[in-house]
Amino acid sequence: MANQDNIQTASAVNEAAASTVTIPRTEQWDMRSRGGNRDYRIFVAKPSEASPSAGYPVIYVLDANSVFGTMVEAVRVQSRASEKTGVQPAIVVGIGYQTEAPFDPSRFHDFTLPTRVEELPFSPKDSVVANMGGADAFLEFIEAELKPEIERKYEIDKSRQTIFGHSLGGLFALQVFLTKPHTFQTYVAGSPSIHWNKSFLLEAERQFVSRVKQDNNISVNIMIAAGEDEKLHWSCMNENARELAERLSALASHGVRTEFKEFEGEGHISVLPVLVSHAVRFALKVSS
């Protein structure tokens, strides 16, 4: 009987000691956009290091439910050895949704522009088409509501802001880069779904090139990347991404820094950790 009591007591102690695992120096809150009346969950990680005089660089991460933790740890670990990695500490802001799932259907609305059904390169489900087209409102939320809140609560270097998106999030990053490049200084478009709105992007690219060649003040960085195994996808995802990067590379003398990466042996989802690791170095390298 005594042994049984000891077992029960030990079990109770173990249960009492158990607690939720959290990422150090992070917090989250929910926001409802004023313009679109849409709900978001905001995740923020702050470095332990003191803020530089200009403030911390910041990375805004789309689909935060799936990649916020990966991004935070990549920044934290690499910036601890900045003398070797060249990576500075930074604030990571994740834009996600009120769900425990890695991806939320709301992303179809937030990351896409209005597109006619007949222009889509696939046979869409009615539920997807009905929820497309909210990218402008989503960007307005980021610019008019989220950024001011982040800048109110944290010391931010407004001259070193990055946006990271993958898949449809990569499409969103490209749309912003080509139409409003001054919104961020660095863009990371991983496995971008260019095929969703290719005609729009081609026209936006044409106008972007024209503006860049006339604007002597632009200084913007873009990484476009995909997993090697994505070349098997019917959408020509890798080909579209590589060709766009090659065309943008021709603008190097006009202030556009472009990098293309194809990660060996990685598919559309498995590419995320290695993409995050490279994105951190691309965005946060100490200027030489």
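Predicted, not measured: the structure shown is a model, and the values here were computed from it.
Residues Q185 and N221 bring no donor and acceptor atom of their side chains to less than 3.5 Å of each other. With no hydrogens or angles considered, a side-chain donor-acceptor pair links R281 and S277 at under 3.5 Å. No side-chain N or O of S79 forms a donor-acceptor pair with one of Q88 less than 3.5 Å apart. Residues Y97 and D63 bring no donor and acceptor atom of their side chains to less than 3.5 Å of each other.
A single hydrophobic cluster is not seen to contain both M237 and F103; linkage of ILVMFWY side chains at heavy-atom distances under 4.5 Å, directly or through other members, places them apart. Residues V77 and F68 are members of separate hydrophobic clusters, defined by side-chain heavy-atom contacts under 4.5 angstrom among Ile, Leu, Val, Met, Phe, Trp and Tyr. In terms of hydrophobic clustering, with Ile, Leu, Val, Met, Phe, Trp and Tyr side chains grouped at heavy-atom distances under 4.5 Å, W29 and I95 are assigned to a common cluster.
When every heavy atom of N240 is checked against every heavy atom of S235, the shortest pair comes out as ND2-O, 3.2 Å. Closest heavy-atom contact between R211 and P181: NH2-CD, 3.9 Å. In terms of heavy atoms, A90 sits closest to P47 at O-CG, 3.3 Å. Annotation for Y56 and A50: closest pair OH-C, 3.5 Å, computed over non-hydrogen atoms. The shortest heavy-atom contact between V75 and V280 is CG2-CG2, 3.8 Å. Smallest separation of non-hydrogen atoms from F43 and A64: CD1-CB, 3.7 Å.
With contacts defined as side-chain heavy-atom distances shorter than 4.5 Å, the pair T186/V220 does not qualify. Annotation: side chain of K198 is not in contact with side chain of H195 (no heavy-atom distance under 4.5 Å). Contact check for T112 versus W196: side-chain heavy atoms found under the 4.5 Å cut-off. Looking at V61 and T162, their side chains never come closer than 4.5 Å, going by heavy atoms from C-beta outward. Counting heavy atoms from C-beta outward, V44 and Y154 have side chains that approach closer than 4.5 Å. By the 4.5 Å heavy-atom criterion applied to side chains, H166 and L272 are counted as neighbours. For the pair F260 and E246, the minimum side-chain heavy-atom distance is 4.5 Å or more. Annotation: side chain of S167 is in contact with side chain of R107 (closest heavy-atom distance under 4.5 Å).
Considering CD1 of I59 and CZ of R160, their distance stands at 9.5 Å, rounded to 0.5 Å. Atoms CG and CD, from L146 and E140 in turn, are 12.0 Å apart once rounded to the nearest 0.5 Å. Rounded to the nearest 0.5 Å, atoms CD1 (I42) and CD (E145) are 10.0 Å apart. The line from NE2 of H268 to CG of D229 is 12.5 Å long, rounded to the nearest 0.5 Å. Rounded to the nearest 0.5 Å, atoms CG (L139) and CD1 (I163) are 7.5 Å apart. The line from SG of C236 to CG of L232 is 11.0 Å long, rounded to the nearest 0.5 Å.
Of the possible polar contacts, one joining the R32 side chain to the N37 backbone as a donor-acceptor pair under 3.5 Å is found. Remark: side-chain polar atoms of R38 are not paired, donor with acceptor, to backbone N or O of D110 under 3.5 angstrom. Listed for the T115 side chain is a donor-acceptor partner under 3.5 Å among the backbone atoms of L113. In this structure, T85 contributes its side chain and Q78 its backbone to a donor-acceptor pair below 3.5 Å. Side-chain atoms of R41 do not come within 3.5 Å of backbone N or O of Q98 as any donor-acceptor pair. Of the possible polar contacts, one joining the T99 side chain to the A101 backbone as a donor-acceptor pair under 3.5 Å is found. Listed for the E230 side chain is a donor-acceptor partner under 3.5 Å among the backbone atoms of G227. Under a 3.5 Å cut-off, the side chain of Y187 and the backbone N or O of I222 do not form any donor-acceptor pair.
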Carefully, step by step, assess L168 and L171 under the rule side chain to side chain contact (heavy atoms under 4.5 Å, CB included).
CA-CA 5 Å; L168 284 178; L171 172 66; 4.1 Å; yes

Might you work through the side chain to side chain contact (heavy atoms under 4.5 Å, CB included) test for T258 and V256, ending with a clear yes or no?
CA-CA 6 Å; T258 305; V256 180; 3.6 Å; yes

Just do the side chain to side chain contact (heavy atoms under 4.5 Å, CB included) check on I194 and E243 with the steps written out, would you?
CA-CA 11 Å; I194 293 173; E243 289 178 353; over 6 Å; no

Working note: T183 + I142, criterion side chain to side chain contact (heavy atoms under 4.5 Å, CB included); need CA distance, chi angles, decisive distance, verdict.
CA-CA 10 Å; T183 306; I142 294 173; over 6 Å; no

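Counting non-hydrogen atoms of other residues, nucleotides and ligands closer than 6.0 Å to NZ of K153 gives a total above 12. Atom CD of E264 has 12 or fewer heavy atoms from other residues, nucleotides or ligands within 6.0 Å. More than 12 heavy-atom neighbours from other residues, nucleotides or ligands sit within 6.0 angstrom of NZ on K147.
Geometrically, K261 does not engage F282 in a cation-pi contact, judged by NZ or CZ lying under 6.0 Å from the ring centre and within 45° of the ring axis.
Listed by first then second residue, pairs satisfying side chain to side chain donor-acceptor pair (under 3.5 Å) with a partner in residues 170-181 number zero, not counting sequence neighbours.
Ring geometry for F141 against F138 counts as parallel: the plane angle stays under 30°, on a 0 to 90° scale with 60° as the upper cut. Using a 30° and 60° split on the angle between ring planes, F177 and F208 fall in the tilted class, from 30° to 60°.
For the pair R242 and E239, the salt-bridge criterion is not met [side-chain N within less than 4.0 Å of a carboxylate O].
A side-chain contact (heavy atoms from CB on, under 4.5 Å) with V72 is found for one member of I91, V92, V276, V67 and no other, namely V92.
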